[in-house]
Every structure is written in structure tokens, then in C-alpha cells.
Student: 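Here it is: the structure, laid out below.
Predicted model only: the values in this text are computed from it and were never measured. The basis for the numbers below is simple: all heavy atoms, side chains too, and nothing from hydrogens, waters or symmetry mates.
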Amino acid sequence: MLAVAGQIERNYIWEKTLEGQVIAAAKGNHGGRPKVIDDDMLTFAVALKGKGVPVPEIAKKLTIKSGKSVGKSPSVASLYRALAEAEAVAADDSLPLRPKPVRIRRPGEPLTADETDLYERLQGHSHSNAELR
């Protein structure tokens with residue numbers, strides 16, 4: 001009896017958590033730690049790297065604009081990670097410099113036009129297991 005009550009409570013908490021995430025996403029708030037290197041900083045860093053400036057020197061020229069490290073320079077590791085992400089995205093010109101945050105969709109909600117388009121494209125690319133081997 002106690003196990004059933006515990007499971008009901010757990011399901012209730014899970015539903016309320018999802019509801020809170022949906023409400024936060026509708027307000028523009030997305031979970032996780034904010035990016036230290038914003039799009040402007042990344043564009044500047046990519047330009048400097050293209051000119052041959054070493055990554056540690058680029059990191060010293062950048063300044064964090066928000067969060068608990070305001071006014072400091074980002075770490076070299078963060079800059080390498082952001083540059084690698086930008087290079088991966090640059091291979092596909094149709095994508096923005098950074099991917100957009102994902103909207104949390106509850107089960108049963110209708111798909112948006114973009115989601116429907118993606119679903120149709122994925123359906124057209126289905127492969128059998130024999131083709132993958």
C-alpha cells in the first residue's frame with residue numbers, strides 16, 4: 001500500500017516538474033548553465049582564429065558579460081569547445097552559429113510546422129538494419 005502511494009506521489013512530482021519546465025520555456029527560460037561565450041564573442045573569436053591568433057591569446061581578449069564570472073576572461077577549454085562547435089556548424093551552412101534551445105513538448109501536443117517537416121524528412125531516410133551493416 002505504501003509503495004502504491006509512493007509511486008502516485010512520484011508521478012505527481014514528475015508531472016509538476018514537466019509543467020514547470022513548459023511554463024519556463026514559454027517565458028524563454030531554458031534549463032542548464034548559461035553559455036559563457038555568447039554569439040558575439042564566438043564570432044570575434046572565429047575571426048581572430050582565422051587570422052592565426054593563438055587560442056590562449058584570443059581567450060585573454062574576450063570578457064564574460066553575464067553570470068558569476070562577469071568581467072573575467074573565459075577559460076581556454078571553454079573557448080576550444082565553442083570553436084569546435086562553431087566549426088562543426090560551419091560544415092552545414094544552413095544552421096545558425098549556435099543551435100536554438102529546444103522547446104519542451106508535452107505528449108499529445110500537436111507538432112509545429114518545423115517539427116512536422118523534420119518528422120517527414122526523417123521518415124524519408126529510414127534504413128533497414130541490413131543497409132546499416
Student: Can you see which heavy atom on S73 is nearest to which on A59, and at what distance?
Tutor: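 Minimum heavy-atom contact is CB-O, 3.2 Å.
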Student: Quick check: closest heavy atoms across L48 and K61, and the distance to 0.1 Å?
Tutor: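 L48 and K61 have their closest heavy atoms at CD1-CD, 4.1 Å.
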Student: CG of D38 to CG of L62: how many Å apart, nearest 0.5 Å?
Tutor: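 Between atom CG of D38 and atom CG of L62 there are 9.0 Å.
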Student: Run the salt bridge (charged side-chain N to carboxylate O under 4.0 Å, His left out) test on K49 and E57 for me, step by step, so that the C-alpha distance in whole Å, both residues' side-chain angles and the decisive distance to 0.1 Å come before the verdict.
Tutor: CA-CA 10 Å; K49 187 176 180 204; E57 292 297 318; over 6 Å; no
Student: Should we say atom NZ of K65 is surrounded by more than 12 heavy atoms from elsewhere, each under 6.0 Å from it?
Tutor: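 Yes.
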Student: Give a yes or no on whether F44 and L79 share a hydrophobic cluster (residues Ile, Leu, Val, Met, Phe, Trp, Tyr; joining criterion: side-chain heavy atoms under 4.5 Å apart).
Tutor: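 Yes, same cluster.
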Student: Work out which heavy atom in E115 is nearest to a heavy atom in P110; give both atom names and the distance.
Tutor: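 Reported closest heavy-atom pair: OE1-O, 4.4 Å.
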Student: Please round to the nearest 0.5 Å and tell me the distance separating atom CG of N11 and atom NZ of K16.
Tutor: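 Here the rounded value is 13.5 Å.
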Student: Compare every heavy atom of P56 with every heavy atom of V76, then report the nearest pair and how far apart it is.
Tutor: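 In terms of heavy atoms, the two residues are closest at CG2-CA, 4.0 Å.
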Student: If you look at every heavy atom in P74 and V36, which pair is closest and at what distance?
Tutor: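 Result for this residue pair: CB-CG1, 3.8 Å.
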Student: Does G71 offer a backbone N or O that forms a donor-acceptor pair with the side chain of T63 under 3.5 Å?
Tutor: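 Pair absent, no side-chain N/O of T63 close to backbone of G71.
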Student: Heavy atoms only: give me the nearest L42-I37 pair and the separation to one decimal.
Tutor: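 So the two residues come closest at N-CG2, 3.8 Å.
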Student: Is any side-chain heavy atom of Y12 closer than 4.5 Å to one of I8?
Tutor: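 SC-SC contact between I8 and Y12 ruled out.
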Student: Taking E15 first and then R10, would you say they form a salt bridge - that is, a charged N and a carboxylate O separated by under 4.0 Å?
Tutor: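 No.
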Student: Any sub-3.5 Å donor-acceptor pair from T116's side-chain atoms to T112's backbone N or O?
Tutor: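 Yes.
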